[in-house]
Structure formats: C-alpha cells, structure tokens
2 protein chains.
Amino acid sequence: TERPVTGVALDLNHSRINVVGVPDHPGVAADIFMALGHANISVDMIIQGVPGDASRQQMSFTVNKDQVEDALDAIKPVLDKLGGTAVADPKIAKLSVVGIAVGSTPGVAGQIFEAVSSVGANIEMIATSEVRVSVVIQDDKAKDALKAVHTAFNLDAVQ
Amino acid sequence: TERPVTGVALDLNHSRINVVGVPDHPGVAADIFMALGHANISVDMIIQGVPGDASRQQMSFTVNKDQVEDALDAIKPVLDKLGGTAVADPKIAKLSVVGIAVGSTPGVAGQIFEAVSSVGANIEMIATSEVRVSVVIQDDKAKDALKAVHTAFNLDAVQ
Ligand SMILES: C[C@@H](O)[C@H](N)C(=O)O
Ligand SMILES: C[C@@H](O)[C@H](N)C(=O)O
C-alpha cells in the first residue's frame, strides 16, 4: 500500500505494572486478570513474551494512572498465593502508530523503532498487530518521539 | 457493551522466534526489525515486555512458517554484532479474540485466559489492544482452546 502509516497517537494516561516470577502453567494469567476484572479495572495493554528464569513467567500490563494502586491491591492476593511480585512505573508514554498493514508491511515496524530511538528514547514495551504498532517509552522523550514518527512518515503534511 | 466479544480466529500459519540477551538501549529494536524489513519479511506480531537479566532485553515475534529460516538468517548478523540469540518455535497456534472493547472491558481478558487454560493449554504469549486479545499456545491444544472460547462467549450461537 502507498501509505502504510496513516496516524500516530500519544497516550500519557497510563502506567505500567510489571509482574515477574509467576509460575508458568495454565490458569495463572486467568487468576491475575480475573482478579483485575473483579476489581472493575480496565486493562489497556497486556504483554507477555519471553519467560524469565526457567519455569517462571512474567508479563506487563498498563492501566489508567489513577487505577494503579487499585490494580496492585487487586492482584496482591493472587501473587501471595502463586508467588511473584508486581512493580509499577507511572512515568510511561505510549505511542501508537496506525495504518492498514502497518504491522505486517516489511520494514515499517523497523522504521518506527528507528524514529523513536533517533531521539534517544529507549523502547521499553512493544506490542503490534497488523494495523497497529504500539511502543512504550519513558514520558520525558514522548513529545520528541511523536515528532520523529510524524516526520519519518510525513504525517505532518496537510491531508 | 452487551457483546464485548464478537469473534475468535485460530491461526496456525505462524512460527515464533524468541530473541534473548540483546542490549537494552536505543537502536536495538530498530536494527533487528530493519534487518527483517530488508529481507522483505513480514512480521505478524512483535512482543516486548519485561526485560531479562539486568541491562539485557528480550522480545518475541512471529513470522509465516515458511519464512522462519530467512528471518533467522536476516537477524543473525545483527545478533552477532550486538550479542544475543534467537530460537524458533514452529509449533504454535495463535487465537485472536475480537470485539469492541474486548481488551478494555474489565474481566473479559481474564475470561478468555480462563477458557484457554480450561483445556490445559499453557499461554505462552499475550498481546492485547482495545479491540483484540491474542494468545499464543502450543498447537496440540489449539482446536480445544478455540472451542472453549466459543463456548465461553456463546459464539457458536446462530447470529
Ligand atoms: C531492546 C530494544 O527494544 C531497545 N530497548 C530499543 O530501544 O531499541
Ligand atoms: C504465565 C501465564 O501466562 C501462564 N502460562 C498461563 O497459561 O496462564
């Protein structure tokens, strides 16, 4: 497609929670996220990729900044029972780049990562689908990273 | 919303590649995915969540089964230069559950994980957005997991 990238949005409303050292067997993710559901907490992104140490798994998720304490409270009993710890990071920014086949067009994700890193922003989380590439960085470089992505894909041109 | 989940799809066309032990500084993700782009490899999902050991990062991505060798060849020079290793798993299945606010409606992700784990399938990767929850499991339990999600959300009902 001529224009794999059609927009980019900056989200400063969420905090990240990293959960590490949980057992890696069926039911663990269900327990954690059912607990959040019972506490009526809306989860923006869930990411689980490569495990931690042998037979322990880890995951990150993001919630609204004003729900971090409630989220940590909700999962504490689950982590106490299963083992594992949760650590919050309130100073994140999420950049989401959207477009038809943005995730699947060869090289586009690489160009997005290059634009973000060009301003010195370290990419802390990545989640992509065919139509959306989301990266999480520290919020101090968020506006620069947003500008760099705009420039890399000519998004500041008048449409 | 009345029906946060409107569909689920099973994808058996992709393999996973885990990249571990890469440096955690700006430019690393760009190098890896630009190399894949130059090799014209389409990446289906990229997931990076919690780091590995101190100052080393890790990520998973999925490519078409028939592109695994090309993908490993493409990133080898990058990993040789930066440090890090890549390991492929060809026997994965990806279940994607879609619907308005499927990711953000409290408890829905937890119910999806519960359905998948109810058939004994271990959840190996998770990536969610507001409208899509994707989980990766081993392919031997894929059909059972698909059925369980259908049942959990009444998706086999005639619409
Ligand atoms: C590991 C990789 O994501 C690195 N943090 C980067 O910004 O490119
Ligand atoms: C860690 C967690 O995802 C676990 N593998 C599960 O299936 O629930």
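In what follows, every chain begins at residue 1, and chains take the letters A, B, ... in the order their sequences are listed. These numbers were taken from a predicted model, which means no experiment stands behind them.
- Transitive grouping of hydrophobic side chains (ILVMFWY, heavy atoms separated by less than 4.5 Å) keeps B/Leu95 and A/Val131 in distinct clusters.
- Contact annotation for B/Ala29: both backbone and side-chain heavy atoms come within less than 4.5 Å of a heavy atom of chain A.
- Note on B/Asp24, B/Asn18, B/Leu36: by heavy-atom pairs under 4.5 Å with chain A, the leading option is B/Asp24.
- The contact between B/Val20 and chain A is made entirely by side chain atoms (from C-beta outward), counting heavy-atom distances below 4.5 Å.
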Run the numbers on A/Ile46 and B/Phe113 for side-chain contact (heavy atoms from CB on, under 4.5 Å), then give the verdict.
-> CA-CA 12 Å; A/Ile46 305 168; B/Phe113 302 153; 3.9 Å; yes
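- With a 4.5 angstrom heavy-atom cutoff, B/Ile123 touches chain A via backbone and side-chain atoms both.
- Using a 4.5 Å cut-off between heavy atoms, B/Met59 contacts chain A through its backbone alone, with no side-chain atom that close.
- Counting heavy atoms of neighbouring residues, nucleotides and ligands inside a 6.0 Å radius, atom CG of B/Asp53 does not exceed 12 of them.
- Checking side-chain atoms of A/Glu114 against main-chain N and O of B/Ala30 turns up no donor-acceptor pair under 3.5 Å.
- A donor-acceptor pair under 3.5 Å is absent between the side-chain atoms of B/Gln111 and the main chain of A/Gly37, judged by distance alone.
- For chain A, the option among B/Gly52, B/Ala121, B/Ser134, B/Ala109 with the highest count of heavy-atom pairs below 4.5 Å is B/Ala121.
- For a residue to count as touching a neighbouring chain, one of its non-hydrogen atoms must lie under 4.5 Å from one of that chain's; by this rule B/Asp44 touches chain A with the backbone only.
- Between B/Gly120 and A/Pro26 the shortest heavy-atom distance is O-CG, 3.7 Å.
- No donor-acceptor pair closer than 3.5 Å links the side chain of A/Ser42 to the backbone N or O of B/Thr105.
- Connection of B/Val108 to A/Val28 is established within a shared hydrophobic cluster, with ILVMFWY side chains joined at heavy-atom distances below 4.5 Å, either directly or through further cluster members.
- No side-chain heavy atom of A/Thr128 sits under 4.5 Å from any side-chain heavy atom of B/Val43.
- The hydrophobic clustering, which links ILVMFWY residues whose side-chain heavy atoms are closer than 4.5 Å, places B/Val5 and B/Val98 apart.
- Contact count versus chain A (heavy atoms, under 4.5 Å) is highest, among B/Glu130, B/His25, B/Arg16, for B/His25.
- The nearest pair of heavy atoms linking A/Ser117 to B/Gly27 is CB-N, 3.3 Å.
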Apply side-chain contact (heavy atoms from CB on, under 4.5 Å) to A/Ile126 and B/Ile47, showing your working.
-> CA-CA 5 Å; A/Ile126 302 169; B/Ile47 292 179; over 6 Å; no
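- At a 4.5 Å heavy-atom cutoff, the contact between B/Glu124 and chain A is made by backbone atoms alone.
- With hydrophobic clusters built from ILVMFWY side chains whose heavy atoms lie under 4.5 angstrom apart, B/Leu146 shares a cluster with B/Ile137.
- Following chains of ILVMFWY side-chain contacts shorter than 4.5 Å, one cannot reach A/Val136 starting from B/Ile32, and the two form parts of different hydrophobic clusters.
- Proximity of B/Pro106 to A/Ile41: side-chain heavy atoms (C-beta onward) are nowhere separated by under 4.5 Å.
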Let me see the working for A/Gln58 and B/Gln58 under side-chain contact (heavy atoms from CB on, under 4.5 Å), right down to the final yes or no.
-> CA-CA 12 Å; A/Gln58 52 195 30; B/Gln58 51 195 32; 3.1 Å; yes
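- Looking at B/Asp31, neither its backbone nor its side chain comes within 4.5 Å of chain A, counting heavy atoms on both sides.
- Closest approach of A/Val19 to B/Val50, counting heavy atoms only: O-CG2, 4.4 Å.
- Within 6.0 Å of atom NZ in B/Lys65, more than 12 heavy atoms from other residues, nucleotides or ligands are found, so the atom counts as buried in its surroundings.
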